[in-house]
2 protein chains.
Amino acid sequence: MDIQNPAVDLVLQSALLWSGMIKKADLQLSVHGISFSEFCILHRLFQAPQHRLSRIELASAVGLSASGVTRLLQPLEKMLLVEKEQNARDARVSLVKLSDSGQQIYQDAHQTFGFFANQFMSPLTSRQQDTLAELLARL
Amino acid sequence: MDIQNPAVDLVLQSALLWSGMIKKADLQLSVHGISFSEFCILHRLFQAPQHRLSRIELASAVGLSASGVTRLLQPLEKMLLVEKEQNARDARVSLVKLSDSGQQIYQDAHQTFGFFANQFMSPLTSRQQDTLAELLARL
DNA sequence: ACAATATACTTGCGCAATCAAGCATTGATC
DNA sequence: GATCAATGCTTGATTGCGCAAGTATATTGT
């Protein structure tokens with residue numbers, strides 16, 4: 001038979017929870033024409049100095065592969081939400097900058113997402129949310 | 001500018017954490033020839049009464065769509081880890097049963113996964129893990 | 001009894017993301 | 001200063017999964 005392992009259940013429970021969360025977030029964000037992944041990109045760019053990051057910094061910030069970032073950025077460039085820039089010091093890196101309209105879209109989407117996140121977390125008191133954040137930060 | 005919303009950061013932090021966790025788990029489980037999703041399937045089947053579930057029960061248990069389950073099960077059937085059975089009461093449902101060799105594979109994989117899960121959770125005391133589980137259960 | 005609706009899948013198509021391979025550039029070593 | 005490895009990125013092929021549509025069976029209403 002099988003020995004119960006609480007860590008296993010915890011991990012599986014979490015995976016289920018967050019996959020569902022992402023689906024719900026995607027739905028909410030779709031009114032802005034962006035996906036959850038795209039929102040993550042915009043979020044990281046927005047909080048970066050000068051709203052500018054290299055593609056690999058972006059990749060590790062959002063937990064994607066380099067090629068994933070390349071492909072995610074293509075539609076965003078066409079929508080003119082981000083711009084491609086060169087790095088004078090190193091011709092290999094191509095910087096991504098959040099455009100003015102990108103900032104606008106981000107801020108709109110942030111409001112939607114913030115509302116969603118608050119609602120999602122509403123079963124917890126803000127003290128419990130702090131505890132949760134602290135526990136997750138150790139992993 | 002932008003008002004900091006702690007719930008937003010908490011949600012994004014979590015999404016990043018769990019996407020990374022799934023990648024690591026996939027890597028560990030690959031020695032058994034199965035993916036994380038497949039392990040979830042086997043896990044749910046194993047703990048089901050008679051190791052038997054319908055496909056939609058399975059789908060909701062692992063957070064996938066019906067078609068996702070259909071496709072995930074195809075290789076598992078070919079590997080003879082699961083078997084297709086009919087429900088006498090309702091000819092629409094096709095039950096999935098964990099085979100004997102499926103149980104064997106599952107138990108091997110469970111050991112690997114249990115080790116991984118413990119390691120993953122090891123930055124937290126078991127008391128903290130309980131707290132985490134309790135907080136997540138409310139979401 | 002017979003339509004109309006709902007349920008349990010399966011299949012075709014498409015999108016998102018990965019890996020492996022390739023290209024361009026930079027840095028390190030001899 | 002030429003070579004060789006490392007880095008940053010892009011592209012081609014593949015996988016995983018979802019959605020919409022289709023099929024088969026069940027249920028409900030009349």
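Throughout, protein chains are lettered first and strands after them, A, B, ... in sequence-line order, and every chain is numbered starting at 1.
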* Asked: Looking at dT18(C), dT25(C), dA17(C), which one has an atom nearest to any side-chain atom of Ser37(A)?
  -> dA17(C)
* Over 12 non-hydrogen atoms of neighbours within 6.0 angstrom of CD in Gln111(A) -> no
* Starting at atom CD of Gln74(B), determine the distance to atom P of dC9(C), rounded to an integer number of angstrom. => 14 Å
* Asked: Below 4.5 Å, heavy atoms only, C-beta onward: do Leu53(A) and Leu95(A) meet side chain to side chain?
  -> no
* To do: Using a heavy-atom cut-off of under 4.0 Å over every strand shown, decide if Ala66(B) touches base, sugar-phosphate, or nothing.
  => base
* Asked: If you look at every strand shown and take non-hydrogen atoms under 4.0 Å, does Ser54(B) touch a base, only sugar-phosphate, or nothing?
  -> sugar-phosphate
* Asked: Where the side chain of Ser67(B) is defined as all heavy atoms beyond and including C-beta, which of dT10(C), dT18(C), dT7(D) is the nearest nucleotide?
  -> dT10(C)
* Any chance you could lay out the side-chain contact (heavy atoms from CB on, under 4.5 Å) test for Met79(B) and Leu76(B), step after step, and finish with the verdict? => CA-CA 5 Å; Met79(B) 290 190 268; Leu76(B) 296 180; 3.7 Å; yes
* Return the nearest nucleotide to the side chain of Lys84(B); candidates are dT10(C), dG18(D), dT18(C). => dT10(C)
* Got a sec: does the NZ of Lys23(B) have more than 12 other heavy atoms crowding it under 6.0 Å? -> yes
* Just how far, in rounded Å, is P of dA16(C) from NZ of Lys23(A)? -> 16 Å
* Asked: Starting at the 5' end of DNA chain C and moving along, which residue's nearest nucleotide shows up first, Arg89(A) or Leu72(A)?
  -> Leu72(A)
* CZ of Arg71(A) versus C1' of dA20(C): gap in Å, rounded? -> 12 Å
* **Integer-rounded Å distance: dC17(D) P and Leu73(B) CG** => 12 Å
* To do: Side chain of Arg55(A) only, please: which of dA24(D), dC9(C), dT10(D) is the nearest?
  => dT10(D)
* Asked: Between dT26(C) atom C1' and Asn87(A) atom CG, what is the distance in whole Å?
  -> 12 Å
* Structure fact -> Of the candidates dC9(C), dG8(D), dT10(C), the side chain of Thr70(B) sits closest to dT10(C)
* To do: Answer yes or no: does atom CD of Gln86(A) have more than 12 heavy-atom neighbours from other residues, nucleotides or ligands under 6.0 Å?
  => no
* Counting heavy atoms from C-beta on, name the nucleotide in dC17(D), dT10(D), dC9(C) closest to the side chain of Ser94(A). => dT10(D)
* Asked: Closer to the 5' end of DNA chain C via nearest nucleotide, is it Arg92(A) or Glu38(A)?
  -> Glu38(A)
* Structure fact -> Between CG of Leu95(A) and P of dG8(D) the distance, given in whole Å, is 12 Å
* Asked: Reckon Gly68(B) touches a base, only the sugar-phosphate, or nothing at all at heavy-atom distances under 4.0 Å?
  -> sugar-phosphate
* **Between dA26(D) (P) and Asp90(B) (CG): distance, integer Å** => 5 Å
* To do: Nearest whole angstrom, please: distance from the P of dA6(D) to the CD1 of Ile56(A).
  => 16 Å
